[in-house]
Structure formats: C-alpha cells, structure tokens
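These notes are about the structure you will find just below.
Quick caveat, the model's predicted, so the values are computed rather than measured.
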Amino acid sequence: MHNVHPSAVIENGAVIDPTAKVGPFCVVGPDVVLGPDVELKSHVVVTGKTTVGEGTVIFSFAVIGEIPQDLKFKGESSALQIGARNRIREHVTMNAGTEGGGGVTKIGDDGLFMAGCHIAHDAIVGNRVIVVNSAAIAGHCVLEDDVIVGGLAGIHQFVRIGKGAIIGAVTMVTNDVIPYGLVQAPRGELDGLNLVGLKRRGVVRSDITALRAAFQMLAQGEGTFHDRAARLGAETDSSFVKEIVDFVMGDSDRSFLTPR
C-alpha cells in the first residue's frame with residue numbers, strides 16, 4: 001500500500017482506505033477499519049474491533065482499541081467506534097467496550113483528546129469534546145456534545161456530563177453534571193482513611209478501630225499536628241498507627257495534608 005510505511009505491521013483482515021496514511025512502526029490489528037484520510041503517526045497501535053472515522057489523526061504512542069481495564073472482562077466480543085476528524089494525541093488510550101456495558105465504546109466527531117488522557121470501556125463521548133492532558137474518563141460515562149474536561153481531572157464511572165459543561169483541572173467528578181455547568185474543586189484534602197483498601201487487605205477490625213481513633217486524635221487533639229502525632233506514638237500499640245506516627249515524625253520537605 002502506497003501510504004503505509006514499510007516498517008508498519010498490518011495484520012491480515014485490516015481494512016485501510018487507500019487515502020489513509022500509516023506511519024513508521026505502527027501496528028494495525030486484523031479487525032481494524034481505517035476510513036478515508038485517517039492518519040496514524042509513528043508507533044501507533046490500533047487493535048481490537050476498532051473503526052476510525054474519516055480524517056481522524058492519531059499521534060505517536062497512542063494505544064487504541066485494546067481490551068478493557070476491567071477484571072470482569074472475559075474476552076467477549078466488543079468494539080470501539082471513533083468518529084470523524086478527531087485529534088488523538090500522544091499516549092492516549094481508548095478501550096473497547098464490555099458485555100455488561102453494551103459492548104461498545106463510542107467517540108463522536110471533531111474531538112480533541114490531548115496527550116495522556118484515557119477513555120475507558122463503554123464510555124459514550126459526543127461531538128466536539130475536549131479532554132485535556134492526563135484526564136481520565138472512567139467506564140460507562142456519558143459526555144455529551146461540547147464538553148471540556150480539564151487536565152488531570154477524573155470522571156467517575158457511570159457519571160453523565162451534560163452538553164456544554166466544563167470540568168476544571170484536577171477535579172474529581174463523582175456525580176452527574178447538568179448541561180452548561182461549571183465544576184471545579186479546591187486542592188485535595190485529607191478527608192478520612194482508606195477504609196476500603198484496609199478491608200481488602202484483610203486488616204483486622206481492632207486495627208481499623210485504632211486507626212479511626214488515631215485519625216480523630218490527629219484531627220481534633222490539642223497542640224500542633226506534629227505534637228498530636230508524637231503523643232499518639234506514645235499511647236498506641238497498633239503497628240498500623242505507628243506507621244502513621246513514623247511517617248509524620250520523619251523528614252519531610254513539604255507540609256502535611258491535615259484532617260479537616
């Protein structure tokens with residue numbers, strides 16, 4: 001094929017429009033369809049049952065159409081559909097769907113997906129959407145037309161973001177956003193303990209109770225945060241609480257996020 005670089009790997013079965021361009025060291029899987037005027041820069045992977053619409057450009061090191069990052073996925077047939085004239089920048093990842101989510105991830109037309117962002121399984125993304133660097137759209141999300149998601153933002157699974165809404169940078173969105181809404185958040189706050197993680201690790205109830213009590217003491221005890229940690233270390237028998245105390249008492253080049 002005239003527009004395919006000799007170093008590219010095109011697996012048998014792939015359908016590539018004669019006007020599409022495939023650059024050096026790209027890999028195109030057997031179930032991929034590249035439409036008219038699609039361009040893959042160098043080192044792009046497009047795999048799975050993926051369709052890429054007319055005029056879309058995918059930049060180096062993007063991985064498009066891989067299986068979902070979902071432990072429930074068992075290899076069932078699923079797809080990724082990408083519309084026309086999108087710009088998919090370096091290191092972007094877009095995953096195919098899952099059986100439980102309808103089996104398809106959909107990207108509309110004229111979107112800009114900036115470097116390092118992620119579109120997870122079964123997400124439905126509208127037209128003219130902008131997802132800024134390193135933002136993550138979780139599984140089953142719906143982003144309507146003209147949405148902007150700021151850099152390093154995270155959209156929780158199953159969240160819907162209405163048409164024309166904007167999400168500020170470094171924002172975690174856990175609930176639906178009305179059309180044309182503005183969502184922004186302050187810097188992260190120490191808002192509690194990772195109880196789910198502790199339980200998953202099998203930490204016994206007595207240690208979790210001790211950690212809860214330690215957190216309350218750090219939040220509401222007398223003296224400075226450092227003073228409270230030192231007093232806590234003298235009073236506790238819990239190895240988990242001692243880890244917190246040792247961390248606080250250790251050398252640090254930054255101040256601590258303290259409990260609210």
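Shortest non-hydrogen contact noted between Leu40 and Cys26 is CB-SG, 3.9 Å. Gly35 approaches Ala20 most closely through the heavy-atom pair O-CB, 3.7 Å. Nearest heavy atom pair, residue Ala214 against residue Leu232, reads CB-CD2, 3.5 Å. Pairing each heavy atom of Ala165 with each of Ile161, the nearest pair is CB-CG2, 3.7 Å. In plain terms, the two heavy atoms of Gly97 and Pro68 that are nearest each other are O-CG, 3.3 Å. Residues Cys141 and Gln157 approach most closely at SG-CA, 4.0 Å, considering heavy atoms.
In Asp237, the CG atom is not crowded: 12 or fewer heavy atoms of neighbouring residues, nucleotides or ligands sit closer than 6.0 Å. For Lys242, the NZ atom counts as densely surrounded, since its 6.0 Å shell holds more than 12 non-hydrogen atoms of other residues, nucleotides or ligands. Residue Glu90 qualifies as enclosed at atom CD: its count of foreign heavy atoms under 6.0 Å is above 12.
Put simply, the side chain of Glu144 never gets that close to the backbone of Gly162: no donor and acceptor are under 3.5 Å apart. Judged by distance alone, the side chain of Asp176 and the main-chain N or O of Arg160 form a donor-acceptor pair under 3.5 Å. Looking at Asp207, its side chain never comes within 3.5 Å of a backbone N or O of Ser238 through a donor-acceptor pair. Although no hydrogens or angles enter the test, the distance criterion places no donor-acceptor pair under 3.5 Å between the side chain of Thr56 and the main chain of Arg87. The closest donor-acceptor contact from the side chain of Asp70 to the backbone of Lys72 lies under 3.5 Å. With hydrogens and angles disregarded, no donor-acceptor distance shorter than 3.5 Å links the side chain of Arg85 to the backbone of Gly111. Glu76 places a side-chain N or O within donor-acceptor distance of the main-chain N or O of Lys74, the cut-off being under 3.5 Å. Looking only at distances, no side-chain donor or acceptor of Ser206 sits under 3.5 Å from a matching main-chain atom of Val204. With hydrogens and angles disregarded, a donor-acceptor distance shorter than 3.5 Å links the side chain of Thr105 to the backbone of Asn95. The closest donor-acceptor contact from the side chain of Thr171 to the backbone of Gly168 lies under 3.5 Å.
Ile16 and Val27 are assigned to two separate hydrophobic clusters, defined by single-linkage of ILVMFWY side chains at heavy-atom distances under 4.5 Å. Residues Ile167 and Met114 fall into different hydrophobic clusters, defined by Ile, Leu, Val, Met, Phe, Trp and Tyr side chains chained together at heavy-atom separations under 4.5 Å. The cluster map of Ile, Leu, Val, Met, Phe, Trp and Tyr, joined by side-chain heavy atoms under 4.5 Å apart, puts Val9 and Val22 in different clusters. In the hydrophobic clustering of ILVMFWY residues, with side-chain heavy atoms under 4.5 Å counting as a link, Ile10 and Val46 come out together. Hydrophobic clustering, with ILVMFWY side chains joined whenever heavy atoms are under 4.5 angstrom apart, groups Leu193 together with Met217.
Every side chain to side chain contact (heavy atoms under 4.5 Å, CB included) that Ile67 has, sequence neighbours left out, goes to Phe73. In this view, Tyr180 satisfies the ring pair (Phe, Tyr, Trp, His ring centres under 6.0 Å) rule with no residue, not counting sequence neighbours.
Residues Glu235 and Val241 have side chains not in contact (no heavy-atom distance under 4.5 Å, counting atoms from C-beta outward).
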* Carefully, step by step, assess His118 and Thr93 under the rule side chain to side chain donor-acceptor pair (under 3.5 Å). => CA-CA 5 Å; His118 174 65; Thr93 52; 2.7 Å; yes
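Separation of atoms CD1 (Ile58) and OG (Ser42) is listed at 12.5 Å; rounding is to 0.5 Å. Considering CG of Leu211 and CG of Leu218, their distance stands at 10.0 Å, rounded to 0.5 Å. For the atom pair CE of Met249 and CD1 of Ile244, the computed distance is 13.5 Å after rounding to the nearest 0.5 Å.
For the residue pair His226/Thr224, the side-chain donor-acceptor check at 3.5 Å is not satisfied.
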Check residues 119-136 and write down every donor-acceptor pair under 3.5 Å in which the side-chain atom is one partner and the other belongs to a residue at least two apart or another chain.
{"residue": "Asp122", "atom": "OD1", "partner": "Thr98", "partner atom": "N", "Å": "2.9"}
{"residue": "Asp122", "atom": "OD2", "partner": "Thr98", "partner atom": "N", "Å": "3.2"}
{"residue": "Asp122", "atom": "OD2", "partner": "Thr98", "partner atom": "OG1", "Å": "2.6"}
{"residue": "Asn127", "atom": "OD1", "partner": "Asp109", "partner atom": "N", "Å": "2.8"}
{"residue": "Arg128", "atom": "NE", "partner": "Asp146", "partner atom": "OD1", "Å": "2.7"}
{"residue": "Arg128", "atom": "NH2", "partner": "Asp146", "partner atom": "OD2", "Å": "3.2"}

